[in-house]
Amino acid sequence: MRCPFCANDDTQVKDSRPTEDATAIRRRRQCGSCGARFTTFERVQLREVTIVKAGPDGSEARREAFDRSKLERSVALACRKRDVAQERVDQLVSGIQRQVETAGEAEVPSARIGEMVMEGLKQIDSVAYIRFASVYRDFSEARDFEEFASTVADAAKD
């Protein structure tokens, strides 16, 4: 593993342990050259999955490899400054990744992943759910927020 500080290839594992949800191995490493310490995570990747992103007019625009860190950033941004434990975010992201990889499809539409995230956030935190929806569904006016929030409030009453 290359050192993120000095780019040296000589690093040693000082400590390894499973994460709390046992979906990854956390490794503490130390660089043999500069002495810096850093953490890496090792996760199982079942298959290579390509995400198909739709263009502005609904046509297929581009394809890119599934990126767990991009999904983590999106969910974390929606949950920012909310009382949502990082463990819940990790569980949601791991669950979505597992669903995507075990579906047996080489290509998955980005819309399907967006819906998975929305469904997960709906269970975790309604404000994070609305925040994600505002970007995912491209709200352009305050009225869009009001209409969507009212559907969330109506669903909570049921």
Side-chain angles (χ1 to χ4, degrees), residues 1-2 4 15-29 37-158:
M1 176 65 63
R2 179 170 286 153
D15 179 48
S16 289
R17 65 180 70 168
T19 57
E20 288 182 20
D21 61 357
T23 60
I25 301 292
R26 178 184 183 273
R27 300 192 193 283
R28 285 293 293 161
R29 296 178 177 269
R37 289 183 174 241
F38 58 98
T39 302
T40 60
F41 290 90
E42 181 180 317
R43 289 185 168 75
V44 172
Q45 182 175 351
L46 299 175
R47 68 178 57 204
E48 292 287 327
V49 177
T50 301
I51 305 303
V52 180
K53 299 203 169 209
D57 60 353
S59 64
E60 290 184 10
R62 66 182 195 278
R63 289 168 164 69
E64 61 184 55
F66 176 78
D67 184 358
R68 179 190 168 91
S69 63
K70 189 173 180 180
L71 181 59
E72 285 175 326
R73 282 191 306 272
S74 297
V75 174
L77 187 60
C79 294
R80 188 170 168 226
K81 295 188 179 182
R82 299 293 302 157
D83 191 23
V84 177
Q86 182 62 40
E87 183 179 317
R88 297 281 310 266
V89 171
D90 292 340
Q91 287 173 346
L92 174 61
V93 171
S94 292
I96 292 169
Q97 181 180 13
R98 198 169 21 259
Q99 287 178 44
V100 167
E101 290 179 347
T102 58
E105 299 174 31
E107 293 186 343
V108 177
S110 62
R112 187 176 312 152
I113 293 175
E115 292 299 326
M116 289 178 188
V117 171
M118 285 187 52
E119 193 59 39
L121 287 174
K122 187 186 224 180
Q123 305 301 318
I124 294 174
D125 186 83
S126 60
V127 172
Y129 172 57
I130 292 170
R131 282 179 179 168
F132 185 85
S134 71
V135 175
Y136 175 66
R137 295 200 174 152
D138 196 24
F139 291 176
S140 58
E141 298 179 14
R143 183 180 51 222
D144 297 335
F145 278 98
E146 291 171 10
E147 291 171 3
F148 188 77
S150 69
T151 62
V152 171
D154 291 343
K157 290 177 188 175
D158 295 337

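Note that the structure is predicted; figures quoted are calculated from it, not measured. All values below were derived from every heavy atom in this structure, side-chain atoms included, with hydrogens, water molecules and symmetry-related copies excluded.
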Discussion item. Would you say the ring centers of Tyr136 and Tyr129 fall short of 6.0 Å from each other?
Written reply: no
Discussion item. Going by side-chain contact (heavy atoms from CB on, under 4.5 Å), name the residues that satisfy it together with Ile124, two or more places apart in sequence or in a different chain.
Written reply: Val84, Arg88, Leu92
Worksheet entry | Heavy-atom side-chain proximity of Arg137 to Phe148 below 4.5 angstrom | yes
Worksheet item: Below 4.5 Å, heavy atoms only, C-beta onward: do Arg82 and Arg131 meet side chain to side chain?
Response: yes
Discussion item. So, taking the atom named CZ in Arg63 and the one named NZ in Lys53, what distance separates them when rounded to the nearest 0.5 Å?
Written reply: 13.0 Å
Worksheet item: Atom CD1 of Ile96 and atom CG of Leu71: how far apart are they, to the nearest 0.5 Å?
Response: 5.0 Å
Fill in: Exercise: identify the closest heavy-atom pair between Val89 and Cys79
CG2-SG, 4.2 Å
Item to complete: Might you point out which heavy atoms bring Thr102 and Arg98 nearest each other, and give the distance in Å?
Response: OG1-O, 2.7 Å
Practice prompt. Run the salt-bridge test on Arg112 and Glu107 with the 4.0 Å N-O cut-off and return the result as yes or no.
Written response: no
Discussion item. If you define the side chain from C-beta out and look only at heavy atoms, does anything of Val117 sit under 4.5 Å from Phe132?
Written reply: yes
Discussion item. Using only atom types and a distance under 3.5 Å, with no angle test, would you say the side chain of Asp144 pairs donor to acceptor with the backbone of Glu141?
Written reply: yes
Worksheet entry | Inter-residue atom distance Glu115.CD - Lys122.NZ, 0.5 Å rounding | 9.5 Å
Worksheet item: Does the side chain of Ile51 reach to within under 4.5 Å of the side chain of Ile113, using non-hydrogen atoms?
Response: yes
Worksheet entry | Distance (rounded to the nearest 0.5 Å) between Met1 CE and Arg29 CZ | 5.0 Å
Discussion item. Using a 6.0 Å cut-off, check whether atom CZ of Arg26 has over 12 heavy atoms from anything other than its own residue.
Written reply: yes
Worksheet item: Under a 4.0 Å N-O cut-off, is there an ion pair linking Glu72 with Lys70?
Response: no
Discussion item. I need the minimum non-hydrogen distance between Leu121 and Ala128, along with the two atoms involved.
Written reply: CD1-O, 3.8 Å
Worksheet item: What are the two closest non-hydrogen atoms of Phe38 and Arg2, and how far apart are they?
Response: CZ-O, 4.0 Å
Worksheet entry | Spacing of Ser94 atom OG and Arg68 atom CZ [to the nearest 0.5 Å] | 3.5 Å
Discussion item. Let's go through Glu105 and Val49 carefully: what are the C-alpha distance in whole Å and the side-chain angles of both, what is the deciding distance for side-chain contact (heavy atoms from CB on, under 4.5 Å) to 0.1 Å, and is it a yes or a no?
Written reply: CA-CA 7 Å; Glu105 299 174 31; Val49 177; over 6 Å; no
Worksheet, complete the sentence: Tightest non-hydrogen contact, residues Phe139 and Ala133, listed as CE2-O, 3.9 Å
Discussion item. As an exercise, state the distance from OG1 of Thr19 to CD of Glu87, rounded to the nearest 0.5 Å.
Written reply: 9.0 Å
Response to the item:
Closest heavy-atom pair, Ile25 versus Ser16, reported as atoms and distance to 0.1 Å, is CG2-CB, 4.3 Å
